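First the structure, in the form of C-alpha cells, and then the observations on it.
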Amino acid sequence: MHSLRNAAPLCTCSPQDLAQSSVSKKLACSVRSFVVLKSTSCVWTSFVQRFNNNVTVRRNPQIRATAMGETESTKDEPRWVMVNGISGKMGLETAKAALEAGLHLVPYSFTGRMGPDQVPLSKIDVEGVEVEVYGFSQRELAMDLCKQVSRRAVVIDYTVPAAVIGNASLYCSAGVPFVMGTTGGDREKLMKIVNDSKICAVIAPQMGKQVVAFQAAMEIMAEQFPGAFSGYKLKVTESHQATKLDTSGTAKAVISSFKKLGLNFDLDQITSIREEEGYKEMQVPEDYYNAHAFHTYRVSSPDDSVAFEFKHNVCGRKIYAQGTVDAVLFLMNKVIQKQDLDRELEGKVFNMIDVLREGNMR
C-alpha cells in the first residue's frame, strides 16, 4: 500500500501541453501512462495475493501447519491399526469401526488358535481390505509384517483369555502400544508386564463408552458415600452369548464399587447366564442371543422393604467396537503423533475412564 500511495502520476503533461500536443506527443504520453498503470497493477496484485494467502493460512490448519514448518508427513501420516483376533466377531466388528473412523487397517493379524507354520490360516475381507490371518504360533511373524507396514501402528487385541499374557509380552517387546479388549487372564500380571516396559497401553474389561460412564458414576458414588448401603443385600445377574468364556469383567468392576458402599459380596455369587432359557428370563431379544450383555444389580434392605435396581442392557457389539477405536485414537494422540515417547508415558496403563476424561470421543 505504501508503494501505491507514492506511485508517480499517470501523466506528467499539463493541460496546456495536451491542448497543443501533436499526435506523436499524445502517443508518447499514453505509453508513459500505460507503464505506470502496469507497475501500479503489479504492486496491487502482489498485495492482494499476500493478503489472501495470509487469510487462507489462518483459516486452514493444514496449510498453516505447512507454513509453520510442519511437514505433511507429521500431520497427515496414515494412522495404522492392527486388529488381532479379527477372525472373531468382536475383532471383525472393531476392524470395521476402525475403517469407519478413517484409520488404516494393517493387512495382517493373528488369532489365539494354533495354525500351520509360515502360512496364513485364512484371508478375511474387511470392507475391501484383505487381511491375512496367522495362527498363534506365527504371531511374531505377523508382528514383524505389521512393523514393515508402519512402525507407528497401534494394536487391538480381541483374541482369547489364555493368550492375553503372551500377547501383551509380545507387544511390549516389539515396542507397540496396544488396546487390550480381551478379558480374562491374570490381570495383575498383565499390568506388571506393561509397567515394566517402555510402551503404554489401554487395558479395560469394558470398552463401551456409555457403560464405562456408568461404572465411573458408581465409583464416584462409592468414594463420596462409603458405607451408604451397609447391611443391604446384593444380587448380580449377568447374561452373555454362550461363546463368552469368562465372568463379566464389567460386573466385577461394578461389584467392587458396591463393596465400597458397604455391601458384602463374593464374586462366586454372580449368576452367569449362557443358555437360551436364561436369555428368555432376562428378556434378551432372540436376534441377539449371540451378541448381548445384560446386567442387573439388585440392592435390597435386610427385610426387603427397600430395593434399588441398576441395569445396563446392550444388544450387539457396535458400542464396544466404537469405544475400542476411541481408545486407539486416545493412544495415538498420546504417543503416535510424537517423535519420541515421553518418559512419563513409559509403562503407563490407561483405562477407559482415562479415555472418557480426555473428552475427544466421537
Side-chain angles (χ1 to χ4, degrees), residues 85 88-94 112-113 157-165 180-191 203-219 222 229 232-300 304 307-321 323-324 351-353:
K89 293 178 181 178
M90 191 63 238
L92 182 59
E93 187 76 32
T94 303
R113 297 184 291 115
D157 190 295
Y158 273 114
T159 55
V160 295
V164 164
I165 299 303
M180 181 59 72
T182 309
T183 57
D186 187 332
R187 305 311 273 190
E188 290 186 10
K189 187 174 182 179
L190 173 60
M191 300 291 183
I203 299 175
Q206 171 61 252
M207 291 293 175
K209 297 174 286 188
Q210 292 74 19
V211 179
V212 171
F214 165 71
Q215 286 181 242
M218 291 298 303
E219 185 64 26
F229 287 94
Y232 275 54
K233 300 176 292 183
L234 175 63
K235 181 180 179 181
V236 179
T237 305
E238 57 95 358
S239 174
H240 291 80
Q241 60 277 1
T243 54
K244 182 170 176 58
L245 304 177
D246 58 325
T247 302
S248 168
T250 302
K252 293 176 181 178
V254 173
I255 289 168
S256 176
S257 296
F258 275 123
K259 292 175 77 169
K260 293 176 184 177
L261 287 164
L263 294 160
N264 292 318
F265 193 87
D266 294 325
L267 295 180
D268 59 10
Q269 294 177 268
I270 299 174
T271 300
S272 297
I273 296 174
R274 300 290 186 273
E275 35 69 37
E276 186 173 330
E277 201 60 39
Y279 299 158
K280 292 178 180 178
E281 291 181 12
M282 292 287 285
Q283 299 183 344
V284 178
E286 189 173 350
D287 289 346
Y288 291 99
Y289 281 1
N290 293 323
H292 72 278
F294 277 38
H295 290 213
T296 300
Y297 310 88
R298 181 179 172 82
V299 180
S300 57
D304 293 321
F308 299 85
E309 201 166 77
F310 303 81
K311 286 187 176 184
H312 54 89
N313 297 341
V314 176
C315 293
R317 299 179 175 86
K318 193 167 187 178
I319 183 176
Y320 310 118
T324 303
N351 56 36
M352 284 300 289
I353 293 177

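A quick note: this is a predicted structure, and the numbers were derived from the prediction, not measured.
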More than 12 heavy atoms from other groups under 6.0 Å of OH on Y232: yes
More than 12 heavy atoms from other groups under 6.0 Å of NZ on K235: no
Partners meeting ring pair (Phe, Tyr, Trp, His ring centres under 6.0 Å) with Y279 (sequence neighbours left out): Y289, H292
Minimum-distance pair of heavy atoms, taken over all atoms of P205 and T250: O-OG1, 4.1 Å
Step-by-step side-chain contact (heavy atoms from CB on, under 4.5 Å) determination, K233 to F265: CA-CA 8 Å; K233 300 176 292 183; F265 193 87; over 6 Å; no
I165 CD1 to R187 CZ distance, which is reported to the nearest 0.5 Å: 8.0 Å
side-chain contact (heavy atoms from CB on, under 4.5 Å) between T182 and V160, intermediate numbers included: CA-CA 6 Å; T182 309; V160 295; 5.5 Å; no
For E238, the option from R274, K252, K311 that meets salt bridge (Lys or Arg N to Asp or Glu O under 4.0 Å): R274
Heavy atoms from other residues, nucleotides or ligands near CD of E309 exceed 12 (cutoff 6.0 Å): yes
Residue K318 excluded, over 12 heavy atoms near NZ under 6.0 Å: no
Derivation of the salt bridge (charged side-chain N to carboxylate O under 4.0 Å, His left out) call for E275 and K280: CA-CA 9 Å; E275 35 69 37; K280 292 178 180 178; over 6 Å; no
Candidate pair M218 and F310, rule side-chain contact (heavy atoms from CB on, under 4.5 Å), full reasoning: CA-CA 10 Å; M218 291 298 303; F310 303 81; 4.2 Å; yes
Worked check of side-chain contact (heavy atoms from CB on, under 4.5 Å) between H295 and V314: CA-CA 9 Å; H295 290 213; V314 176; over 6 Å; no
Name of the residue among I270, D268, N264 meeting side chain to side chain contact (heavy atoms under 4.5 Å, CB included) with D266: D268
